[in-house]
Amino acid sequence: KPISADWERVGSLLEGALEGDRSDDAAFALGRLYSRPDYPKRNIGKAIAYLERSAAATNASADLEIMGLASINPRDAQGVALAIQHAQHASELLGQEAVLNRLFTLPASALVAIVQKALTDAGEIVTLTGKHGKQTQAAIADFCLRRKVDDCNPKLVTREFLAAVVLGR
């Protein structure tokens, strides 16, 4: 017989732990809790705020969580910019391969939005839609040509291209 979670108690215990020696771990756990779809008090803004506290203490797992949550809405330029910022920070801590692996697990619209925002930040003209259309393909081709990215196919997002445009490598 399944045991139901006592969400009030879990949240209360974690809130109390924020004052202790492991407050960064508590902040990470609270961020994960507030991001859970089955948590009655789900709040993505609060989740990100707690995760940012943990990420500031060099918790790269928090950076990766923020990257996924902040890119949920592919038309939210601020959220997508936050996702890129945390991808870059996680890359400094974990290395590029771990971050690239996580980026490729995001929903396609989130990944494309991250690419579109990074292309815009790099001077390309592309609208933030989360859709990999002709405008995005042209911007990818131009970026790869200007930055001399060898493994580049404008119809796809390759690892080398993603590392170059998002992580600046």
Side-chain angles (χ1 to χ4, degrees), residues 24-25 27-29 31-37 42-169:
D24 300 326
D25 292 334
F28 180 74
R32 298 281 313 266
L33 179 66
Y34 275 104
S35 70
R36 288 179 60 106
R42 185 172 199 231
N43 181 320
I44 299 301
K46 269 189 168 182
I48 290 173
Y50 281 121
L51 289 166
E52 283 196 306
R53 178 174 171 174
S54 185
T58 65
N59 181 342
S61 294
D63 284 306
L64 295 178
E65 289 289 325
I66 293 167
M67 192 177 71
L69 291 173
S71 61
I72 286 174
N73 178 356
R75 292 177 184 248
D76 174 14
Q78 231 177 347
V80 175
L82 185 64
I84 292 169
Q85 174 190 334
H86 283 278
Q88 292 167 345
H89 188 245
S91 180
E92 292 169 13
L93 299 171
L94 296 172
Q96 123 181 346
E97 286 306 309
V99 176
L100 291 173
N101 289 340
R102 176 66 174 104
L103 281 165
F104 279 113
T105 68
L106 295 176
S109 61
L111 178 60
V112 171
I114 288 171
V115 165
Q116 289 170 332
K117 178 71 174 114
L119 284 166
T120 300
D121 293 347
E124 298 295 334
I125 298 171
V126 62
T127 306
L128 191 62
T129 64
K131 295 181 180 165
H132 195 103
K134 290 182 181 185
Q135 185 186 45
T136 300
Q137 291 174 24
I140 290 171
D142 187 59
F143 177 89
C144 289
L145 185 63
R146 286 189 304 110
R147 300 287 175 95
K148 297 177 177 42
V149 177
D150 293 330
D151 184 17
C152 185
N153 179 341
K155 294 185 179 190
L156 304 171
V157 174
T158 65
R159 292 179 80 79
E160 185 179 344
F161 163 71
L162 196 58
V165 74
V166 175
L167 304 179
R169 305 260 158 69

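Being a predicted model, the structure only gives us computed values, none of them experimental.
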Can you name the residues that form a side-chain contact (heavy atoms from CB on, under 4.5 Å) with [X], not counting sequence neighbours?
{"X": "Ala139", "result": "Leu119, Glu124, Val126"}
{"X": "Thr58", "result": "Leu93"}
{"X": "Ala83", "result": "Met67, Ala70, Ser71, Ile114"}

Is there a side-chain contact (heavy atoms from CB on, under 4.5 Å) between Arg36 and Arg42? Walk through the geometry before answering.
CA-CA 6 Å; Arg36 288 179 60 106; Arg42 185 172 199 231; 5.8 Å; no

Shortest non-hydrogen contact from [X] toward [Y]:
{"X": "Ile140", "Y": "Cys152", "result": "CG2-SG, 3.8 Å"}
{"X": "Ala47", "Y": "Leu69", "result": "CB-CD1, 4.1 Å"}
{"X": "Pro74", "Y": "Gly130", "result": "CB-CA, 3.8 Å"}
{"X": "Val149", "Y": "Ala164", "result": "CG2-CB, 3.9 Å"}
{"X": "Ala87", "Y": "Val166", "result": "CB-CG1, 4.2 Å"}

Using the salt bridge (Lys or Arg N to Asp or Glu O under 4.0 Å) rule, collect all pairs that involve residues 69-89, keeping only residues at least two apart or in two chains.
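Found none.
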
Hey, does [Y] have a side-chain heavy atom less than 4.5 Å from the side chain of [X]?
{"X": "Gln116", "Y": "Val80", "result": "no"}
{"X": "Leu64", "Y": "Val99", "result": "yes"}
{"X": "Asp63", "Y": "Leu94", "result": "no"}

Partner set under side chain to side chain donor-acceptor pair (under 3.5 Å) for [X], not counting sequence neighbours:
{"X": "Gln135", "answer": "Thr127"}
{"X": "Asn59", "answer": "Ser54"}
{"X": "Glu160", "answer": "none"}
{"X": "Glu65", "answer": "none"}

According to ring pair (Phe, Tyr, Trp, His ring centres under 6.0 Å), does anything in residues 68-90 pair up with another residue at least two apart or in another chain? List the pairs.
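Output for this query is empty, none listed.
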
According to ring pair (Phe, Tyr, Trp, His ring centres under 6.0 Å), does anything in residues 112-162 pair up with another residue at least two apart or in another chain? List the pairs.
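Applying ring pair (Phe, Tyr, Trp, His ring centres under 6.0 Å) to every pair that reaches into residues 112-162, excluding sequence neighbours, yields Phe143-Phe161.
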
Roughly how far apart are [X] [atom1] and [Y] [atom2], rounded to 0.5 Å?
{"X": "Leu167", "Y": "Ser91", "atom1": "CG", "atom2": "OG", "answer": "4.5 Å"}
{"X": "Lys155", "Y": "Thr136", "atom1": "NZ", "atom2": "OG1", "answer": "13.5 Å"}
{"X": "Ile48", "Y": "Ile72", "atom1": "CD1", "atom2": "CD1", "answer": "7.0 Å"}
{"X": "Leu156", "Y": "Leu162", "atom1": "CG", "atom2": "CG", "answer": "12.0 Å"}

Mind checking ring-ring contact (aromatic ring centres under 6.0 Å, His included) for Tyr34 and listing every partner two or more places apart, or none if nothing turns up?
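Only Tyr39, Tyr50 meet the ring-ring contact (aromatic ring centres under 6.0 Å, His included) criterion with Tyr34.
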
Using modelled atom types and a 3.5 Å cut-off, is there a donor and acceptor pairing between side-chain atoms of Thr158 and backbone atoms of Asp151?
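A pair under 3.5 Å: yes.
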
Sequence neighbours excluded, every pair satisfying side chain to side chain donor-acceptor pair (under 3.5 Å) that has a member inside residues 92-103:
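Checked against side chain to side chain donor-acceptor pair (under 3.5 Å) - neighbours excluded - the pairs reaching residues 92-103 are Glu97-Arg159, Asn101-Arg159, Arg102-Thr105.
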
